[in-house]
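Remarks on the structure that follows.
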Amino acid sequence: MSRMLSPYLFAAGIFSVAFWPHLPPLWVVFLFMLAGFLLRWFWVPSTFLLLGMVYGCFWGYDRLGHQLPDELTATDFTIIGEVYGIPVRDGRRVQFNLRLDEASSNLELRKLRLSWYGEQASPQPGQIWQLQVRLRRPRGYVNPGGFDYQAWLIQQGFSATGYVRASPQNRLLEQRWSLDRLRYQLQQKITGSQANEDAQALMSALTIGDRSLISEDLWYRLSLLGVIHLLVVSGLHIGFVAAMGYGTGSLLARCFTLICRPVNARYSGAVFSLVFALSYSALAGFSLPTQRALIMVVAALVALLANRYIGRSMIFGLALVGVALIDPLAIMGAGFWLSFGAVAGLLWLVPAVNQVPKWRLFFRVQWLMFLLLILPLAFWQLPVAWFSPLVNSVAIPWVSFLVVPLCLLGVVVIPLSPAVAEWLWWLAGKQLKWFVLLTGELTVPAWLPLYSPWPLTGLSLFLMICIAGLVLLPRGVPGRYLAIPLAVALFYLPTDRQAPLTVTVLDVGQGLSIVVQTRQHTLVYDTGPGYVGGYDAGSALVAPFLRRQGVTGLDALVVSHSDNDHAGGVAGLLRHYSPAMWLAGSPAVEETVPAPEQCRAGQSWQWDDVEFRVLHPSDSRQKNNNNHSCVLAISYLDQVILLPGDIDASVERRLLPQLQQMAAEKKQFALVVAPHHGSKTSSSHQFLAVTRPHQVVFSAAYRHHFGHPAEPVVQRYLKQGSIVWNTAEKGALIFRWQDNGEFSTTAQRTEARRYWF
């Protein structure tokens, strides 16, 4: 029993470090190692748990040890390095990875994630460049339910991010052959084929693992149908290719036995299986998801070649250990839970139903996988693909047996006959075009929830685990129908929405986005920035936060003005939510239908016990777009929350009579979001003298070149007694009021701290 538990405890020890707020001192790590070896004489599994923690700590120290020092952020360097991976062009820039030459910098930097702006920029894999770059220490936004970009950078081994500066020192030194260059050349040939753009993007994803060409709209539509895993290089395809390799090797062994001398079909099949899986993984660039699948294949082959029985639990545990060794932060991503959840279902649930005919087993497996994966999908706030059992029943054999072989055959024959490879890719592209067209006709009914309709809490997660376990119990085991009352109970769980008022200032970098929640309603004020290439805070940060809170409908969207740092995420948010009311301060924020209503002073409404009132603009004659900002005052009991957008001191003076009236009514300005991110042009002495905010929040990027917030402004607030918060340093800030008017503050970088923050 202890031997079976050993790999699980070792992996658990490694993964546990990902949740630690700090790495312990090295002497403590060595103490863990010594304790692990000493305890081996008493209980073997405890040794593996401690040694796993030791490995996780050393891995963390190694990754943090080669990062750019924080004091050198926004510093220029001249470096020499090799381009690796496949560069991605989005809009006016190219994003690429650079592996540094050891002698190119006095710092211990290894890999860089760079952007090169301009149409002339064209770095290619294998090229050695000398570049002048401006670098920043890896850093990401910290929001409840948001993607941890900083953790992803650490997983990939990046020492810094940055961009290439225009300089005469930028020059190409030489060109080397590399596997990534071969992948890049294949991408260029695939995108130059006669297939349409969607088909080219999917062929590139299936052949070389490059997902960058798949449009956001296509990715979203395919994820709603639960087939996105079929149209990128995934564990399913690595396993399929490994099975083809095993069959090929076994067949050749039998043929060789008939012609000449006996050959062990099992060993031959295993060797070919490993070669096929390795080749396909290399073609996909050995990405982390591919590495996970390859480790699982290797674990299965080891079990196959062993001269003794190895149980499913041990195989699964060995695969878990392999993934933990190469990626100790894998547990932080949805892909880990989805891939291992699917494998666990295949190993333990499918044998329980394999007494049925094969054709029925195939369809039964689809429903089992759907039920099993609902839990991780709900936890990670990913869309639930209600049609996936039906669609996958057709898509799996279609893509696996017809499309993928054609894509890979094209790669094999291209050195011999480019014309034949072109024809094979054309045939694969035709099928993918039909597949996209057919799946595009399927739409999820509006009454089916795409996301979890309740907030993600420890209690809701526990209930979901119980429900999944009860549903998946074998027939004949009593208690399965207890899942029904538990499912009903999910809709009546006590949540943070019981608070009369919650204001969350999200961490969106150099921008602004605020979510205001009453007991029954939700308002979003500004949506953060949008960037070249399709990334925007509305879909990447605001929508995931709302889903994590269990928000299924948006009651109001208020966009202060049309500047990108406030309105850049509007389109992304509208893809997920349709607000019942939409106000905009600027004359035109987004060309959408229906158009937003103009925000005007005097507009007001009340939700529950909370009053909302627009203070500005009273006209549209402002020359400065910032001064078109929709200023919103939120009143609860005797307290006011002021959201002023980007107004400057001139508008602050115009607002003084209204603010003085609020102060005369003995209303306290409990929270003010600093106008214009703390710019010198705002937060005037008169404005502070009237409002005297108890708490003030600066929404700004960390060490941004705009220099927000300005130090004199910060000192101005501190001098009059305000408690100052900055999203750049604290992450998302959550202010939660109680019924008696008292409120508490939660800083996400403190509440959910990880050792890499």
Side-chain angles (χ1 to χ4, degrees), residues 1-18 44-45 47-49 51-53 55-56 59 155 209 229 232-246 266 269-282 284-352 365 368-369 372-373 375-376 380 472:
M1 182 67 177
S2 61
R3 181 175 298 178
M4 186 186 72
L5 285 176
S6 297
Y8 291 93
L9 290 173
F10 184 68
I14 296 176
F15 287 140
S16 69
V17 181
V44 174
T47 301
F48 289 95
L49 180 66
L51 291 180
M53 294 178 182
Y55 178 87
W59 186 91
Q155 284 179 288
H229 67 289
V232 297
V233 178
S234 63
L236 177 67
H237 298 123
I238 299 294
F240 171 72
V241 169
M244 282 202 311
Y246 187 85
R266 173 181 290 187
V271 169
F272 272 80
S273 178
L274 183 60
V275 169
F276 276 42
L278 274 171
S279 300
Y280 194 21
S281 300
F286 287 113
S287 62
L288 290 178
T290 305
Q291 292 177 26
R292 286 199 297 263
L294 184 61
I295 288 172
M296 293 181 185
V297 168
V298 171
L301 291 176
V302 168
L304 181 69
L305 294 177
N307 292 325
R308 51 189 295 182
Y309 172 76
I310 299 179
R312 289 171 292 172
S313 298
M314 181 60 70
I315 298 172
F316 190 81
L318 292 175
L320 200 63
V321 167
V323 171
L325 288 172
I326 65 168
D327 184 14
L329 300 186
I331 197 171
M332 307 295 291
F336 170 85
W337 294 97
L338 292 172
S339 59
F340 272 95
V343 171
L346 291 173
L347 288 177
W348 278 282
L349 298 180
V350 173
V365 167
L368 284 173
M369 291 295 102
L372 186 66
L373 297 181
L375 179 60
W380 292 101
L472 296 172

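One is the number of the first residue; the rest follow in order along the sequence.
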Original post:
Would Tyr246 and Arg266 satisfy side-chain contact (heavy atoms from CB on, under 4.5 Å), going step by step from the backbone distance to the final call?
Top reply: CA-CA 8 Å; Tyr246 187 85; Arg266 173 181 290 187; 4.1 Å; yes
Subject >> Nearest non-hydrogen partners of Val297 and Ile238, listed with the distance >> reply: CG2-CG2, 4.0 Å
**OP:** Over all heavy atoms of both residues, which pair between Met314 and Pro7 is shortest? Give the atoms and the distance, please.
**Re:** SD-CG, 3.9 Å
Original post:
Measuring from Leu320:CG to Met296:CE, what's the distance to the nearest 0.5 Å?
Top reply: 8.0 Å
Original post:
Would a 4.5 Å heavy-atom cut-off, applied to side chains only, mark Leu301 and Ser273 as touching?
Top reply: yes
**OP:** With sequence neighbours excluded, tell me which residues meet side-chain contact (heavy atoms from CB on, under 4.5 Å) with Leu325.
**Re:** Phe10, Ile14, Tyr55, Val321
Original post:
Among all residues two or more places apart in sequence or in another chain, which pass the side-chain contact (heavy atoms from CB on, under 4.5 Å) test with Ser313?
Top reply: Met4, Tyr8, Trp348
**OP:** Return the minimal non-hydrogen interatomic distance between Ala18 and Met332, and the atom names on each side.
**Re:** CB-SD, 3.9 Å
Original post:
Who passes ring-ring contact (aromatic ring centres under 6.0 Å, His included) against Phe272, sequence neighbours left out?
Top reply: none
Original post:
Of all residues at least two apart in sequence or in a different chain, which pass the side-chain contact (heavy atoms from CB on, under 4.5 Å) check with Gln291?
Top reply: Phe286, Leu288, Ile326
Subject >> Distance (rounded to the nearest 0.5 Å) between Leu5 CG and Leu49 CG >> reply: 11.0 Å
Original post:
Which pair of non-hydrogen atoms, one from Phe15 and one from Asp327, has the smallest distance, and what is that distance?
Top reply: CE2-O, 3.8 Å
Original post:
How far apart are the closest heavy atoms of Ala330 and Val323, and which atoms are they?
Top reply: CB-CG1, 4.0 Å
**OP:** State which residues pass side chain to side chain donor-acceptor pair (under 3.5 Å) with Thr290; sequence neighbours excluded, sorted by chain then number.
**Re:** Ser287
**OP:** Mind listing the closest non-hydrogen atom pair of Gln155 and Trp59 along with its distance?
**Re:** CA-CH2, 4.5 Å
Per-pair distances, 0.1 Å, donor-acceptor, side chain in residues 336-347, under 3.5 Å, sequence neighbours excluded:
| residue | atom | partner | partner atom | Å |
| --- | --- | --- | --- | --- |
| Trp337 | NE1 | Ile331 | O | 3.0 |
| Ser339 | OG | Gly335 | O | 2.9 |
| Ser339 | OG | Phe336 | O | 3.1 |

